[in-house]
*Asks:* 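Take this structure, written in structure tokens, and hold onto it; I'll ask about it next.
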Amino acid sequence: MSENSKLEPSNFIRNIINDDLKNNKNDGRVHTRFPPEPNGYLHIGHAKSICLNFGLAEDYEGGLCNLRFDDTNPEKEDVEYTDSIQADVKWLGFDWADRLFYASDYFEQLYEYAVILIKDSKAYVDDLSYDEMRALRGTLTEPGKPSPHRDRSVEENLDLFKRMRAGEFVPGERILRAKIDMASPNMNMRDPAIYRIRKVIHHKTGDEWCVYPMYDYTHCISDALEGITHSLCTLEFEDHRPLYDWFLEQLPVKCHPQQIEFARLNLNYTVTSKRKLNELVTEGLVLGWDDPRMPTIVGMRRRGYTPESIRDFCNRIGLTKTDTIIDVGVLENCVREDLDKRTRRVLAVLNPLKVVIENFPEGEVEYLDAPYHPNNPDMGQRSLPFSKEIYIEQDDFMEDPPKKFFRLGPGREVRLRYAYFITCNEIIKNDAGEVIELRCTYDPETKGGNAPDGRKVKGTIHWVSAEHALKTQVRLYDRLFNDPKPDSKKHEKDWKSFINPESISTCDSACLEPSLVDAKTEECFQFERTGYFNVDSKDNFNGKPIFNRTVTLRDSWAKQKNR
RNA sequence: UGGGGUAUGGCCAAGUUGGUUAAGGCACAUGGUUUUGAUCCAUGCAUUCCGAGGUUCGAGUCCUCGUACCCCAGCCA
């Protein structure tokens with residue numbers, strides 16, 4: 001028995017599919033689709049759906065997953081989004097092969113089906129205004145009333161619908177509705193709209209059409225035309241399922257996919273709604289869709305998340321119909337885990353404090369071997385230049401340290417990682433009383449970090465040689481919001497008031513080990529003792545790479561400090 | 001009684017047709033290893049499954065009655 005064989009997740013959708021397979025439903029096929037509307041950038045919530053749909057196709061023999069753009073509302077959609085969505089799905093590691101579709105590919109077919117509905121007296125053209133329609137729709141507890149145009153003749157409906165398509169009417173003047181049941185307790189069944197008039201340019205079909213089909217009508221038919229077996233969507237469409245089924249029952253389609261709903265992803269300390277993300281971008285609260293603080297795929301990518309970590313996350317959180325909020329800690333843990341095994345370790349001082357090694361010869365440079373990964377020798381090593389003047393992290397020195405503080409303090413000895421033991425002899429302060437420099441001595445016998453006399457030292461800190469340091473900018477990112485549920489309806493304040501002012505801070509005088517000059521765009525590293533960082537893909541700092549903090553390392557010292 | 005859903009530890013979540021001690025992950029705690037207070041390893045962490053009744057030799061799983069929360073009145077998706 002192979003202990004390392006990863007068990008496929010068990011969830012209710014897989015159970016349904018397994019049953020279907022057992023009963024030979026759909027001839028044993030599993031065919032899903034990921035159907036985004038191209039009206040915004042993909043975010044972590046979409047990743048859940050992508051991993052579900054494409055993941056199912058990967059896991060089942062012969063499984064397929066289509067990418068289909070649900071582009072029935074030209075007013076909101078744009079090629080900018082169809083492009084970015086494809087790039088994001090690919091980046092996540094999924095492949096739709098030659099099955100890239102657009103709902104707009106089916107406009108003609110959809111129109112013909114609407115004609116069938118009209119001929120069967122299952123649809124009619126209504127002249128009511130938007131407000132009149134709403135008034136007759138009823139409420140949640142009261143039934144709606146039929147429109148006065150509900151019983152128009154087939155001929156008249158056919159003529160009117162043809163003229164709608166021909167552009168004879170103004171938007172809002174006429175609408176095609178399904179004739180179902182105005183008294184249904186399900187609002188979706190109260191003669192829902194099928195076609196509305198919109199005289200705008202469609203990103204794909206241009207000005208070919210001025211009537212556009214609605215989602216409910218389009219989605220089920222598109223699924224059927226593509227031979228989808230399991231049409232997975234989020235919970236809010238549960239009420240739409242009877243309508244999904246109704247259309248397919250009326251029409252001569254070749255198959256009838258099964259719609260199954262699951263709970264959408266909610267993450268704490270962030271927002272995942274296209275509308276809100278859009279607002280953050282357009283109001284300049286973040287620097288764009290790819291701002292590393294954004295939960296968008298492009299944002300997370302720029303932040304340093306790997307596709308593997310996102311997929312792992314999606315597999316870990318499970319799939320149910322329960323409305324839940326996942327702790328971002330789970331996501332952060334996934335990147336840490338992935339990055340831990342794949343990144344090289346380097347030394348980088350974010351907030352430098354100058355240290356002069358008094359007994360180290362002036363002008364001399366010594367090169368010290370340092371492995372790139374303590375647990376993986378295959379990653380190789382590099383040489384670190386060491387000299388009389390170095391920088392250490394400000395946080396690694398305390399003038400009056402508490403007992404449990406293992407780092408540098410007056411008279412204390414610590415190890416410089418892969419270098420020497422040093423002892424702090426003197427503190428130099430500026431006029432404001434701030435420590436600006438430390439005078440230390442090193443023990444030449446401790447080269448590499450071990451004392452021949454066997455004496456131990458409690459702390460090991462990182463450092464960078466002053467004259468060799470790569471001085472560049474490091475950007476520290478943190479959670480975008482400081483409230484776990486910024487958009488909770490229970491708050492009185494606006495969700496945007498919970499934006500974490502410390503969600504970004506920059507270190508402009510960071511000193512990194514020189515090997516990092518060659519770091520390539522999107523390359524990830526672990527800065528020892530501080531976190532995982534990757535090279536920003538857009539900006540540079542006077543020609544030098546800028547590093548973004550993906551996530552901090554676990555820090556049990558910080559926990560202890562706060563006790 | 002508008003309709004549709006969901007309730008298993010701090011956060012997720014398995015639990016196929018009722019059968020012994022309620023998976024697993026995250027978080028947390030403790031101990032070990034460690035030249036990252038990282039990683040890694042070990043151990044602990046629900047006498048109980050929203051509540052109350054009931055059926056049964058036996059119920060998280062079945063029945064009844066409640067409770068809480070989510071979604072629906074776009075010519076958005």
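Sequence lines set the chain letters: A, B, ... in the order given, protein chains first and strands last, and positions in each chain run from 1.
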*Asks:* Does A:S184 reach the main-chain N or O of A:N186 with its side chain, forming a donor-acceptor pair under 3.5 Å?
*Replies:*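 Between the backbone of A:N186 and the side chain of A:S184 there is a qualifying donor-acceptor contact (under 3.5 Å).
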*Asks:* Taking the basic N atoms (NZ, or NE/NH1/NH2) and the acidic carboxylate oxygens, is any pair closer than 4.0 Å for A:D181 and A:R190?
*Replies:*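 Looking at A:D181 and A:R190, the cut-off is not met.
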*Asks:* Would you measure the distance from the C1' atom in B:rA68 across to the matching atom in B:rU8 and give it in whole Å?
*Replies:* 16 Å
*Asks:* Atom OH of A:Y532 to atom P of B:rU36: distance rounded to whole Å?
*Replies:* 13 Å
*Asks:* So what does A:P143 touch, heavy atoms closer than 4.0 Å: a base, only the sugar-phosphate, or nothing?
*Replies:*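 Touches nothing.
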*Asks:* Taking only the C1' atom of each, what is the distance from B:rG37 to B:rG25 in whole angstrom?
*Replies:* 25 Å
*Asks:* Would you kindly compare A:K458 and A:N15 by the position of their nearest RNA chain B nucleotide and give the one closer to the 5′ end?
*Replies:*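 Per heavy-atom nearest nucleotide, the more 5' residue is A:N15.
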*Asks:* Base, sugar-phosphate or nothing for A:K404? Non-hydrogen atoms, less than 4.0 Å.
*Replies:*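 Counting heavy atoms under 4.0 Å across all strands, the contact made by A:K404 includes a base.
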*Asks:* For B:rU16 and B:rG2, measure between their P atoms and round to the nearest Å.
*Replies:* 35 Å
*Asks:* Whole angstrom is fine here: how far is it from CD1 in A:I317 over to P in B:rA14?
*Replies:* 12 Å
*Asks:* How long is the line joining CG of A:L350 and C1' of B:rU36, in whole Å?
*Replies:*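 It works out to 14 Å between those atoms.
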*Asks:* If I pick the C1' atom on B:rU64 and the same atom on B:rC70, what distance separates them, to the nearest angstrom?
*Replies:* 25 Å
*Asks:* For B:rA14, take OP1 and OP2 only and decide whether either is under 4.0 Å from a side-chain N or O of A:N11.
*Replies:*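 Negative; the distance criterion is not met.
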*Asks:* At under 4.0 Å between heavy atoms, which parts of nucleotides 67-77 of chain B does protein reach? Answer with one letter per nucleotide, 5' to 3': B base, S sugar-phosphate only, - none.
*Replies:* ---SBBBSBBB
*Asks:* Are A:Y305 and A:F313 an aromatic pair by the rule of ring centers under 6.0 Å?
*Replies:* no
*Asks:* Closer than 3.5 angstrom, by distance alone: can the side chain of A:R33 be matched with the main-chain N or O of A:S231 as a donor-acceptor pair?
*Replies:*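 Here the side-chain-to-backbone pair does not exist.
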*Asks:* Whole angstrom is fine here: how far is it from CZ in A:R336 over to C1' in B:rC40?
*Replies:* 16 Å
*Asks:* Between B:rG15 and A:S10, is there an OP1 or OP2 to side-chain N/O distance shorter than 4.0 Å?
*Replies:* yes
*Asks:* To the nearest angstrom, how far is A:H462 atom NE2 from B:rA38 atom P?
*Replies:* 15 Å
*Asks:* Heavy atoms only, 4.0 Å cut-off, all strands: where does A:N375 land among base, sugar-phosphate and nothing?
*Replies:* base
*Asks:* B:rA38 and B:rC45: how far apart are their P atoms, nearest whole angstrom?
*Replies:*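 Roughly 24 Å separates the two P atoms.
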*Asks:* Just compare B:rU36, B:rA38, B:rA13 and give me whichever is closest to any side-chain atom of A:S556.
*Replies:*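 From the listed options, B:rA38 comes nearest.
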*Asks:* Any base atoms under 4.0 Å from A:N18, or only sugar-phosphate, or nothing? Heavy atoms, all strands.
*Replies:* nothing
*Asks:* Using atom CZ of A:F12 as one end and atom C1' of B:rU16 as the other, report the distance to the nearest whole Å.
*Replies:*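 Going from CZ in A:F12 over to C1' in B:rU16 covers 15 Å.
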*Asks:* On RNA chain B, nearest-nucleotide positions of A:T446 versus A:V330: which is more 5'?
*Replies:*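 So the residue in question is A:V330.
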*Asks:* Taking only the side-chain nitrogens and oxygens of A:T320, find out if one of them lies under 4.0 Å from OP1 or OP2 of B:rA13.
*Replies:* yes
*Asks:* Distance between the C1' atoms of B:rU17 and B:rC62, in whole angstroms?
*Replies:*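 It works out to 12 Å between them.
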*Asks:* Output yes when A:R316 and A:D312 qualify as a salt bridge under the 4.0 Å nitrogen-oxygen rule, no when they do not.
*Replies:* yes
*Asks:* Among the nucleotides B:rA29, B:rA14, B:rG37, which one has an atom lying closest to any side-chain atom of A:K559?
*Replies:*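 Output: B:rA29.
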*Asks:* Does the distance from a Lys or Arg side-chain N to an Asp or Glu carboxylate O, for A:E236 and A:R264, drop under 4.0 Å?
*Replies:* yes
*Asks:* Report yes or no: is the cationic atom of A:R165 (NZ for Lys, CZ for Arg) under 6.0 Å from the centre of the six-membered ring of A:Y111, at an angle within 45° of the ring normal?
*Replies:*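 Because its charged atom sits under 6.0 Å from the ring centre and within 45° of the axis, A:R165 does stack over A:Y111.
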*Asks:* Should the pair A:D340-A:R345 be classified as a salt bridge under the 4.0 Å nitrogen-to-oxygen rule?
*Replies:* yes
*Asks:* If I pick the P atom on B:rC65 and the same atom on B:rG4, what distance separates them, to the nearest angstrom?
*Replies:* 15 Å
*Asks:* For the ring pair A:Y102 and A:F69, is the centre-to-centre distance below 6.0 Å?
*Replies:*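 Ring-ring flag for A:Y102/A:F69: true, centres closer than 6.0 Å.
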*Asks:* Using the C1' atom as the reference point in each nucleotide, state the distance between B:rG15 and B:rA73 in Å, no decimals.
*Replies:*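 The answer is 39 Å between these two C1' atoms.
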*Asks:* Sort by first number and list every stem of RNA chain B: at least 3 consecutive Watson-Crick or G-U wobble pairs, both distances under 3.5 Å.
*Replies:*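 Stem list for RNA chain B: B:2-7 with B:67-72, B:10-12 with B:24-26, B:28-32 with B:40-44, B:50-54 with B:62-66.
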*Asks:* Using a 4.0 Å heavy-atom cut-off across all strands, classify A:R316 as base, sugar-phosphate, or nothing.
*Replies:* sugar-phosphate
*Asks:* Is A:R198 close enough and on-axis enough to A:Y212, meaning under 6.0 Å and within 45°, for cation-pi?
*Replies:* no
*Asks:* When you check the glycosidic angle of B:rG24, does it come out syn, meaning within 90° of 0, or anti?
*Replies:*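 Classified anti.
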*Asks:* Do A:H203 and A:Y81 have their ring centres less than 6.0 Å from each other?
*Replies:* no
*Asks:* Hey, is A:E513 close enough to A:R382 for a salt bridge, meaning N to O under 4.0 Å?
*Replies:* yes
*Asks:* Which part of the nucleic acid does A:T530 contact within heavy-atom distance under 4.0 Å: base, sugar-phosphate only, or nothing?
*Replies:*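 The answer is nothing, as A:T530 stays clear of every strand by at least 4.0 Å.
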*Asks:* In whole angstrom, what separates A:N315's CG from B:rA14's C1'?
*Replies:*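 After rounding, the reported distance stands at 15 Å.
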*Asks:* Reckon A:E261 touches a base, only the sugar-phosphate, or nothing at all at heavy-atom distances under 4.0 Å?
*Replies:* nothing
*Asks:* Categorize A:L416 for me: base, sugar-phosphate, or nothing, with a 4.0 angstrom heavy-atom threshold over every strand shown.
*Replies:*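 Nothing, no nucleic acid heavy atom in range.
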*Asks:* Identify whether any heavy atom of A:F405 sits under 4.0 Å from a base atom; if not, whether one sits that close to sugar-phosphate; answer base, sugar-phosphate or nothing.
*Replies:*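 Touches a base.
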*Asks:* What is the distance from CZ of A:R241 to C1' of B:rG3, rounded to the nearest Å?
*Replies:* 13 Å
*Asks:* Using a 4.0 Å heavy-atom cut-off across all strands, classify A:I326 as base, sugar-phosphate, or nothing.
*Replies:* sugar-phosphate
